[in-house]
Number of protein chains: 2
Amino acid sequence: MSIPDTKERILDAAEYLFARRGFHNTSLRAITSRAGVNLAAVNYHFGSKYALLEAVFQRRLIPLNRLRRDNIERVREAARREGRRPGVRETLLAFIEPTLAFRKSGSGAEDYIVLVGRAMSDPEDTVRDVFIRHIAPLFHLLFETLREALPEVPPDAVFWRLQFALGAMSHVISMAGKTNLPLPDGVTPVGDVESLTALLIDFVSTGMERPWPVQ
Amino acid sequence: MSIPDTKERILDAAEYLFARRGFHNTSLRAITSRAGVNLAAVNYHFGSKYALLEAVFQRRLIPLNRLRRDNIERVREAARREGRRPGVRETLLAFIEPTLAFRKSGSGAEDYIVLVGRAMSDPEDTVRDVFIRHIAPLFHLLFETLREALPEVPPDAVFWRLQFALGAMSHVISMAGKTNLPLPDGVTPVGDVESLTALLIDFVSTGMERPWPVQ
DNA sequence: GTTAAATTAAAACAGTTGTTTTAGAAAAGT
DNA sequence: ACTTTTCTAAAACAACTGTTTTAATTTAAC
């Protein structure tokens, strides 16, 4: 049949263009022309441009969030079983690793991750509102796990440190594939995902674990 | 005279709206109506919407960058005078502190800082290209200073750690004033700028100073 | 093969976009 | 007072926006 083909092609094209040009700067005509389908197909299949954005998010965010949630729950479970607190590093890794590794899961996944990076730092946009709705419960679980991992750090500080970590992650994600940033001499453009993930995890878990009170 | 009044009013309105709605989602009519001036005034005074964006950036970025540059140079100078390497923490503080503190410098400054936060994380937008042009030399100075401060860490790692730090900063900046984020129980919405800056500096300098090689 | 539903194609819709034009008012120079 | 420049006001411009409509075509059911 031709239904899923058309819908998928629209989703792929929208994902690609939203990630690169942003939501408001991408027209339905650009999407349909890239997808090779008729203009009316978007409104027919999805209802509106906004609903299309929602669909773009849902298609990948649901399995990705399940993966991240399972990871975190596994960390909590292991800690509970061994009668200890969850570790900061393993908790952050449980959340961050699937996010960065997700890029390798398929052709359009890379576009999607860039889109997520944009959405996280898009302070008031339509994009962000949609994103927040999908990520809020997972964020809550992540925050609570880190609170357990850091009993001596006040919740406010844990919250902000987590925001810093997410900011760092979203920034490096949204940099992915962009070449217009001014690279200093002697710096190679980008490593493989694994080593970049390792660098990021080292950075954020070190900052997160800083003893409290800060002297 | 009425020229500077009109131009300033346009700049203020554009700054306000660009920060909240983004560049593409802000119309010239919204700007001029907020500024209380005629629609044609933008094209008369600035030439185009794009040139207006550039002017919005320049108005505050030039003095802000001078402040940050002077701060970093002062750190380098003190280190040279005392025959030691520049410190990681003081270097990051020299860059970050003016950025966050700038919000208190005037009425529209808060809008501007949010706009900067957006621009930094706007991966391919017009906004980002304009911003990169203005910030590139300063970024280079910051990077080189950190390289001197961390001789045992390879330049690639210093580069990425700096990106993480900037991502954390830009994220917390673009969160400023936003209330739609889901705050967990027991977390107060936002502290004053000073304590938030302290938290951020603690976080990023800890991650930046992590010994190399990472065990 | 006929009928009914699903899907596409193409055109048209009303509204908004950035920009320009035209005319007139205000300010400055002489 | 007069001229010239500077700026504003209002309307108009063509291009583009998301969405809807109308008709044609494909797909499925019986």
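Only heavy atoms go into these numbers, but all of them, side chains included; no hydrogens, no water, no symmetry mates. In what follows, every chain begins at residue 1, and chains take the letters A, B, ... in the order their sequences are listed.
Residue pairs meeting the side chain to side chain donor-acceptor pair (under 3.5 Å) criterion with at least one member in residues 46-56 of chain B, sequence neighbours excluded: B:E54-B:R133.
Distances shorter than 4.0 Å separate none of the side-chain N or O atoms of A:H45 from OP1 or OP2 on C:dA6. Residue B:T6 places at least one side-chain N or O under 4.0 Å from the OP1 or OP2 atom of D:dT8.
Here the rule is side-chain contact (heavy atoms from CB on, under 4.5 Å) with B:T197, and of B:T99, B:L100, B:V172 only B:L100 fits it.
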For nucleotides 15-21 of chain C, which of its nitrogen or oxygen atoms have a protein nitrogen or oxygen under 3.5 Å away, and what is each distance?
residue: C:dG18; atom: OP1; partner: B:T26; partner atom: O; Å: 3.3
residue: C:dG18; atom: OP1; partner: B:K49; partner atom: NZ; Å: 2.8
residue: C:dG18; atom: OP2; partner: B:L28; partner atom: N; Å: 2.9
residue: C:dG18; atom: N7; partner: B:R29; partner atom: NH1; Å: 2.8
residue: C:dG18; atom: O6; partner: B:R29; partner atom: NH2; Å: 2.8
residue: C:dT19; atom: OP2; partner: B:N43; partner atom: OD1; Å: 3.4
residue: C:dT19; atom: OP2; partner: B:K49; partner atom: N; Å: 2.9

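Residues B:A51 and B:F46 share a closest heavy-atom pair of CB-O, 3.2 Å.
For the pair A:F46 CZ and C:dT8 P, the computed distance is 11 Å after rounding to whole Å. As a whole-Å value, the separation of A:E8 CD from C:dT7 P is 15 Å.
A:R161 and A:D156 are not joined by a salt bridge, as no carboxylate oxygen comes within less than 4.0 angstrom of a charged side-chain nitrogen.
Between A:R210 and B:T206, the side chains place a donor N or O and an acceptor N or O closer than 3.5 Å (distance only, hydrogens not considered).
Annotation: side chain of A:T91 is not in contact with side chain of A:R76 (no heavy-atom distance under 4.5 Å).
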